[in-house]
K.L.:
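Questions regarding the structure given below will be posed in turn.
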Amino acid sequence: MKPLERRLIEPSRPLERTFFARPTLKVAVALLGTLLVRREAKGDLTTGIIYEVEAYIGSDDLACHARSGQTARNAAMWGPPGNAYVYFTYGMHWMLNAVTEPKGNPAAVLLRAAFPQNGIERMRARRGHKADHLLSDGPAKLCQAFAIDRTFDQRSLCDGNAALTIHPGMAINPDAVQATPRVGIKNVPEPWRSIPWRFFLHPKDLSGSSHSH
DNA sequence: AGCACGATTAACT
DNA sequence: GTTAATCGTGCTC
């Protein structure tokens, strides 16, 4: 018996580059509630609603990889807004970012968590047989669940038929957005270590009004 | 050439 | 609560 999928969200057009070509903090908050869509072989869709992000903004931000100037690794951040920036860390994990701000202005939003919507069994096959909410509740887990690796670095997230896109998702109550310091940067100097550029929604705020068009 | 550490995770005590 | 895993990157010598 095929497991029951959550509500099938038929993706509309992806978010356009103009969505990402804005101040990074605005893009970060606006990404909450949007739908991450991974098109796999045979047209299978793996999707989830983004509910946790972090902003990394420019070479002055000492937590941002742009702090040490442009290199082969971080070049994506200097590229067009709406591209992916995917990097490898801790010797084993991939991280997915969406590049923001006008081209040449290095900044990005780290996608830290998404609530599974479609393709949940594919996520389980890659992540182990865990409860839905544990499949993509961290930046490296998200990349595992959605099968994202270096091949996505510098690729557009805005092309309709691409393997990875971001689409309008749920309407979000701005009052429900939580902000805290970014995590995993405890050796970064102040004020960057404590500036509240992590944004997220509580699960209860994900179960409300959903719309796909 | 060597080295310290990382936008983390899973598995421990 | 702690810690091993595991290796690319950027910095120092």
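Throughout, a chain's letter reflects where its sequence line sits, starting with A, and its residues are numbered from 1.
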K.L.:
Hey, does Arg182(A) reach any base, or is it just sugar-phosphate, or nothing, if we go heavy atoms under 4.0 Å?
P.N.:
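Arg182(A): no heavy atom of the nucleic acid under 4.0 Å.
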K.L.:
Base, sugar-phosphate, or nothing: which does Met95(A) touch, judged by heavy atoms less than 4.0 Å apart?
P.N.:
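Sugar-phosphate contact only.
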K.L.:
Could you tell me the separation between the CG atom of Leu142(A) and the C1' atom of dT9(B), rounded to a whole number of Å?
P.N.:
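Spelled out: CG on Leu142(A) to C1' on dT9(B) is 14 Å.
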K.L.:
From the list dA7(B), dT8(B), dG8(C), which nucleotide is the closest neighbour of the side chain of His65(A)?
P.N.:
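Comparing dA7(B), dT8(B), dG8(C) against the side chain of His65(A), the answer is dA7(B).
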K.L.:
Write down the distance between CG (Leu135(A)) and P (dT9(B)), rounded to a whole number of angstrom.
P.N.:
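Taking CG of Leu135(A) and P of dT9(B), I get 13 Å after rounding.
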K.L.:
On a plain distance test, is the side chain of Tyr90(A) in donor-acceptor contact with the base of dA5(C) below 3.5 Å?
P.N.:
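Looking at the base of dA5(C), it does not pair with any donor or acceptor on the side chain of Tyr90(A) (distance under 3.5 Å).
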K.L.:
What is the separation between atom CE on Met92(A) and atom P on dT6(C), rounded to the nearest whole Å?
P.N.:
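Distance, rounded to whole Å: 6 Å.
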K.L.:
Can you tell me if Arg127(A) touches the phosphate of dT9(B), counting only side-chain N or O atoms and a distance under 4.0 Å to OP1 or OP2?
P.N.:
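Checking Arg127(A) against dT9(B): no side-chain N or O falls below 4.0 Å of OP1 or OP2.
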K.L.:
In whole Å, what is the span from the CZ atom of Phe88(A) to the C1' atom of dG10(C)?
P.N.:
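About 16 Å, once rounded to whole Å.
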K.L.:
Can you tell me the distance, in whole Å, between the OH atom of Tyr85(A) and the P atom of dG8(C)?
P.N.:
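That distance rounds to 15 Å.
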K.L.:
Would you say Arg39(A)'s side chain and Leu45(A)'s backbone share a donor-acceptor pair under 3.5 angstrom?
P.N.:
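Such a contact is absent between Arg39(A) side chain and Leu45(A) backbone.
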K.L.:
With heavy atoms under 4.0 Å as the rule, sort Val183(A) into base, sugar-phosphate or nothing.
P.N.:
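Val183(A): backbone/sugar contact only, no base atoms under 4.0 Å.
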K.L.:
Can you see whether Tyr56(A) has Arg182(A) sitting over its ring - NZ or CZ less than 6.0 Å from the centre and within 45° of the normal?
P.N.:
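Yes, Arg182(A) lies over the aromatic ring of Tyr56(A).
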K.L.:
Determine: side-chain N/O of Asn187(A) to OP1/OP2 of dG6(B), distance under 4.0 Å, yes or no.
P.N.:
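Checking Asn187(A) against dG6(B): at least one side-chain N or O falls below 4.0 Å of OP1 or OP2.
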K.L.:
Is there a donor-acceptor pair under 3.5 Å between the side chain of Glu190(A) and the backbone N or O of Ser194(A)?
P.N.:
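Pair found, side chain donor or acceptor close to backbone of Ser194(A).
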K.L.:
Please report the distance, rounded to the nearest Å, between CE in Met77(A) and P in dT9(C).
P.N.:
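That distance rounds to 13 Å.
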K.L.:
Could you check whether Ala63(A) gets within reach of a base, just the sugar-phosphate, or nothing at all, counting any heavy atom under 4.0 Å?
P.N.:
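Base: the residue Ala63(A), judged by heavy atoms under 4.0 Å, touches a nucleobase.
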K.L.:
Applying the Watson-Crick and G-U wobble criteria at under 3.5 Å, what pairs with dA7(B)? Answer none if nothing qualifies.
P.N.:
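Its partner: none found.
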K.L.:
Taking atom P in both dA4(B) and dA4(C), compute the distance separating them and give it to the nearest angstrom.
P.N.:
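After rounding to an integer number of Å, I get 16 Å for this pair.
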K.L.:
Hey, does Ile185(A) reach any base, or is it just sugar-phosphate, or nothing, if we go heavy atoms under 4.0 Å?
P.N.:
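If one applies the 4.0 Å heavy-atom cut-off, Ile185(A) turns out to touch the sugar-phosphate alone, with no base involved.
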K.L.:
So, does Arg67(A) get its side chain near the phosphate of dT9(C), meaning an N or O under 4.0 Å from OP1 or OP2?
P.N.:
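Result: no.
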K.L.:
Please give the distance between the P atoms of dT3(C) and dC5(B) as a whole number of Å.
P.N.:
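Here dT3(C) and dC5(B) have their P atoms 16 Å from each other.
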K.L.:
Just compare dT8(B), dA10(B), dC11(C) and give me whichever is closest to any side-chain atom of Lys130(A).
P.N.:
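It is dA10(B).
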K.L.:
Cut-off 3.5 Å, side chains only: do Arg193(A) and Asn187(A) have a donor facing an acceptor?
P.N.:
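The answer is no; no qualifying pair exists.
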K.L.:
Closer than 4.0 Å, any side-chain N/O of Thr89(A) to the OP1 or OP2 of dT9(C)?
P.N.:
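It does not, given that no N or O in the side chain of Thr89(A) lies less than 4.0 Å from OP1 or OP2 of dT9(C).
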K.L.:
Select from Ala72(A) and Gly91(A) the residue whose nearest nucleotide in DNA chain C is closer to the 5' end of that strand.
P.N.:
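Comparing both residues, the 5'-ward one is Gly91(A).
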K.L.:
Any chance the side chains of Tyr85(A) and His65(A) put a donor and an acceptor closer than 3.5 Å?
P.N.:
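Indeed, the side chains of Tyr85(A) and His65(A) share at least one donor-acceptor pair under 3.5 Å.
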K.L.:
Heavy atoms from C-beta onward define the side chain here; which of dT6(C), dT8(B), dA7(B) lies closest to that of His93(A)?
P.N.:
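Between dT6(C), dT8(B), dA7(B), the one nearest the side chain of His93(A) would be dT8(B).
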K.L.:
Mind calculating the distance between CG (Leu62(A)) and C1' (dG6(B)) to the nearest angstrom?
P.N.:
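Taking CG of Leu62(A) and C1' of dG6(B), I get 15 Å after rounding.
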K.L.:
Can you figure out which of dG10(C), dA5(C), dA10(B) approaches the side chain of Thr71(A) most closely?
P.N.:
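Output: dG10(C).
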K.L.:
Between the side chains of Asp137(A) and Arg112(A), is the shortest nitrogen-to-carboxylate-oxygen separation below 4.0 Å, so that they form an ion pair?
P.N.:
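Judged by the 4.0 Å cut-off on N to carboxylate O distance, Arg112(A) and Asp137(A) do not form a salt bridge.
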K.L.:
Relative to the 5' end of DNA chain B, which residue comes earlier, Gln144(A) or Ala66(A), by the nucleotide with the nearest heavy atom?
P.N.:
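Going by which nucleotide is closer to the 5' end, it is Ala66(A).
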K.L.:
Hey, are the side chains of Val177(A) and Leu201(A) touching, using non-hydrogen atoms and a 4.5 Å cut-off?
P.N.:
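A side-chain contact exists here, since the closest heavy-atom pair is under 4.5 Å.
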K.L.:
With the stacking rule set at 5.5 Å and 30°, tell me whether Tyr56(A) counts as stacking on dA7(B).
P.N.:
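Yes.
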K.L.:
Using atom OH of Tyr87(A) as one end and atom C1' of dT9(C) as the other, report the distance to the nearest whole Å.
P.N.:
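Between C1' of dT9(C) and OH of Tyr87(A): 12 Å.
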K.L.:
Please confirm whether the shortest side-chain N or O distance from Lys141(A) to OP1 or OP2 of dA10(B) is below 4.0 Å.
P.N.:
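Looking at the OP1 and OP2 atoms of dA10(B), one of them is under 4.0 Å from a side-chain N or O of Lys141(A).
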